[in-house]
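To start, the structure under review is shown below, and the notes come after it.
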Amino acid sequence: MQSPFYFIVKPREGKRYNNTKEIGGIDLIVNTSEEDFRFSNREADVVELPIGYKGPIKVGDKLLVHHNVFKFYNDMKGRRKSGKSFFKEDIFLIDDEQFYMFHNGTEWQAHDRYCFVKPIKPEESFIYKPIEEEPLMGIMVYPNEYLMSKGIKAGDKVCFKPDSEYEFIVDDEKLYRIYDHQITIKL
């Protein structure tokens, strides 16, 4: 089965939500709300590619997807429903704007217009900063092809526009997904 336009995916580990955490050998449920986007599964396995697709993604690769892909919703009458990406059972159809990065079995690679930046600790200053992260600044971890063509590479310190950060946990590390045009400066 192939779609003319969509990637066919399954949720990673067969789960729509990542709302448990192992602590001392016991699985603890850390959130019971299906509405909280932070606990929806954001990793998908590619089952099938679109017809005629010629890009770098292959069947079996892992995708980092939008938080709404696997979520449940409640309709006007309170009935539990799946989102627009749901096809049947644990099969979902997503277009190329619903995922941001792919893992080819070896490494993560940014997709299309997206890049991933790691936030940094506050820089030393004479002024007290009661913050955990330096605002609008970070280390480029996964640049896309466009940014690499402009000389930005992994490890570069960059600045980005306000309100452009979209938080992900990738390999147990907090990263921000940012559009490439929202990167403003390479420091």
Side-chain angles (χ1 to χ4, degrees), residues 5-13 18 21 37-50 52-70 85 92 94-187:
F5 309 108
Y6 298 104
F7 290 85
I8 299 174
V9 300
K10 289 185 173 188
R12 190 100 175 139
E13 299 175 8
N18 294 331
K21 190 174 218 165
F37 72 93
R38 294 173 297 163
F39 295 97
S40 65
N41 189 357
R42 296 188 190 181
E43 292 184 359
D45 291 321
V46 177
V47 175
E48 198 60 67
L49 302 171
Y53 175 74
K54 302 275 191 255
I57 298 168
K58 301 178 298 302
V59 171
D61 284 355
K62 181 171 41 171
L63 302 180
L64 202 60
V65 300
H66 191 277
H67 65 266
N68 284 337
V69 170
F70 302 129
S85 298
F92 295 80
I94 62 171
D95 61 37
D96 66 348
E97 292 188 4
Q98 288 179 284
F99 69 93
Y100 312 113
M101 198 160 53
F102 65 96
H103 193 280
N104 59 13
T106 307
E107 64 183 354
W108 285 104
Q109 293 182 2
H111 171 70
D112 200 23
R113 310 173 328 194
Y114 309 105
C115 64
F116 285 78
V117 174
K118 179 181 178 180
I120 58 175
K121 300 231 182 274
E123 294 186 343
E124 196 168 315
S125 170
F126 291 107
I127 302 171
Y128 172 68
K129 297 180 188 178
I131 54 176
E132 292 182 25
E133 299 170 355
E134 192 66 43
L136 309 178
M137 195 180 294
I139 302 295
M140 180 63 67
V141 179
Y142 300 108
N144 62 13
E145 290 179 20
Y146 174 74
L147 290 173
M148 288 189 282
S149 75
K150 300 294 183 192
I152 296 176
K153 59 189 180 313
D156 286 346
K157 186 187 269 189
V158 294
C159 293
F160 44 88
K161 291 182 180 179
D163 301 320
S164 59
E165 316 94 332
Y166 178 30
E167 186 179 317
F168 279 86
I169 303 297
V170 179
D171 296 335
D172 296 324
E173 183 174 52
K174 179 179 176 181
L175 299 177
Y176 292 136
R177 189 233 53 200
I178 300 174
Y179 286 100
D180 56 14
H181 69 275
Q182 293 173 323
I183 300 296
T184 57
I185 300 171
K186 173 183 169 183
L187 298 171

Query raised in the report: Taking Tyr179 as the fixed residue, which of Phe160, Tyr146, Tyr114 is the one that meets the ring pair (Phe, Tyr, Trp, His ring centres under 6.0 Å) rule?
Result: Tyr114
Report task. Would you mind reporting whether Lys62 and Trp108 have side-chain heavy atoms less than 4.5 Å apart? Result -> yes
Requested in this report: Enter the distance from Asp61:CG to Met101:CE here, rounded to the nearest 0.5 Å.
Outcome: 12.5 Å
Query raised in the report: Just wondering, do Leu63 and Ile94 contact through their side chains at under 4.5 Å, heavy atoms?
Result: yes
Query raised in the report: Judged by modelled atom types alone, do His67 and Tyr166 share a side-chain donor-acceptor pair under 3.5 Å?
Result: yes
Query raised in the report: So, Thr184 side chain and Lys161 main chain: donor-acceptor pair closer than 3.5 Å or not?
Result: no
Query raised in the report: What's the shortest heavy-atom distance between Pro143 and Ala154, and which atoms?
Result: CG-N, 3.9 Å
Requested in this report: Starting at CG of Asn144, measure out to NZ of Lys150 and round the result to the nearest 0.5 Å.
Outcome: 11.5 Å
Query - Contact check, side chains of Val158 and Leu187, non-hydrogen atoms, under 4.5 Å - result: no
**Report entry** Within-4.5 Å side-chain heavy-atom neighbours: Ile178 and Ile183
**Finding:** yes
Report task. For the pair Phe7 and Tyr53, name the ring-plane relationship: parallel under 30°, tilted 30 to 60°, perpendicular over 60°. Result -> perpendicular
Query raised in the report: Does Glu134 pair with Lys121 as a salt bridge, N-O distance under 4.0 Å?
Result: no
Requested in this report: Could you please spell out the steps behind the side chain to side chain contact (heavy atoms under 4.5 Å, CB included) verdict for Tyr176 and Phe116?
Outcome: CA-CA 5 Å; Tyr176 292 136; Phe116 285 78; over 6 Å; no
Query raised in the report: Considering residues, nucleotides and ligands other than Phe102, do more than 12 of their heavy atoms fall under 6.0 Å from its CZ?
Result: yes
Requested in this report: Answer yes or no: is there a side-chain heavy-atom contact under 4.5 Å between Glu165 and Arg177?
Outcome: no
Query - Short N-O contact, Asp180 and Arg113, less than 4.0 angstrom - result: no
Report task. Look only at the side chain of Lys186 and the backbone of Gly151, and say whether a donor-acceptor pair between them is shorter than 3.5 Å. Result -> yes
Query raised in the report: Heavy atoms, side chains only, cut-off 4.5 Å: are Cys159 and Leu136 in contact?
Result: no
Query raised in the report: Got more than 12 heavy atoms from elsewhere within 6.0 Å of CD, Glu145?
Result: no
**Report entry** Glu132, CD atom: more than 12 neighbouring heavy atoms under 6.0 Å
**Finding:** no
Report summary line: Nearest heavy-atom approach of Pro11 to Phe92 is CD-CE1, 3.8 Å
Query raised in the report: Looking only at heavy atoms, which two atoms of Val65 and Asn41 are closest? And how far apart?
Result: CG2-O, 4.3 Å
Query raised in the report: In Å and rounded to the nearest 0.5 Å, what is the CD1 to CG distance from Ile185 to Asp156?
Result: 13.0 Å
Report task. Please work out whether the ring planes of Tyr100 and His66 are parallel, tilted or perpendicular, with thresholds of 30° and 60°. Result -> tilted
Report task. Search all heavy atoms of Gln98 against all heavy atoms of Ser85 and return the closest pair with its distance. Result -> NE2-OG, 3.0 Å
Query raised in the report: Which of these, Ile57, Val69, Leu64, Val9, sits in a side-chain contact (heavy atoms from CB on, under 4.5 Å) with Phe99?
Result: Ile57
Query raised in the report: Does Asn104 use its side chain to pair, donor to acceptor, with the backbone of Thr106 at less than 3.5 Å?
Result: yes
Query - Glu173 and Leu175: CA distance, side-chain angles, deciding distance, side chain to side chain contact (heavy atoms under 4.5 Å, CB included) verdict - result: CA-CA 6 Å; Glu173 183 174 52; Leu175 299 177; 3.9 Å; yes
Query - Nearest non-hydrogen partners of Met140 and Val117, listed with the distance - result: CE-CG2, 3.9 Å
Query raised in the report: Between atom NZ of Lys10 and atom CD of Glu48, what is the distance when rounded to the nearest 0.5 Å?
Result: 11.5 Å
Report task. Evaluate the side chain to side chain contact (heavy atoms under 4.5 Å, CB included) criterion for residues His103 and Glu43: first the C-alpha distance (whole Å), next the side-chain angles of each, then the deciding distance (0.1 Å), finally the verdict. Result -> CA-CA 10 Å; His103 193 280; Glu43 292 184 359; over 6 Å; no
Query raised in the report: Looking only at heavy atoms, which two atoms of His111 and Asp96 are closest? And how far apart?
Result: NE2-O, 3.2 Å
**Report entry** SB check Glu133 Lys174 (cutoff 4.0 Å)
**Finding:** yes
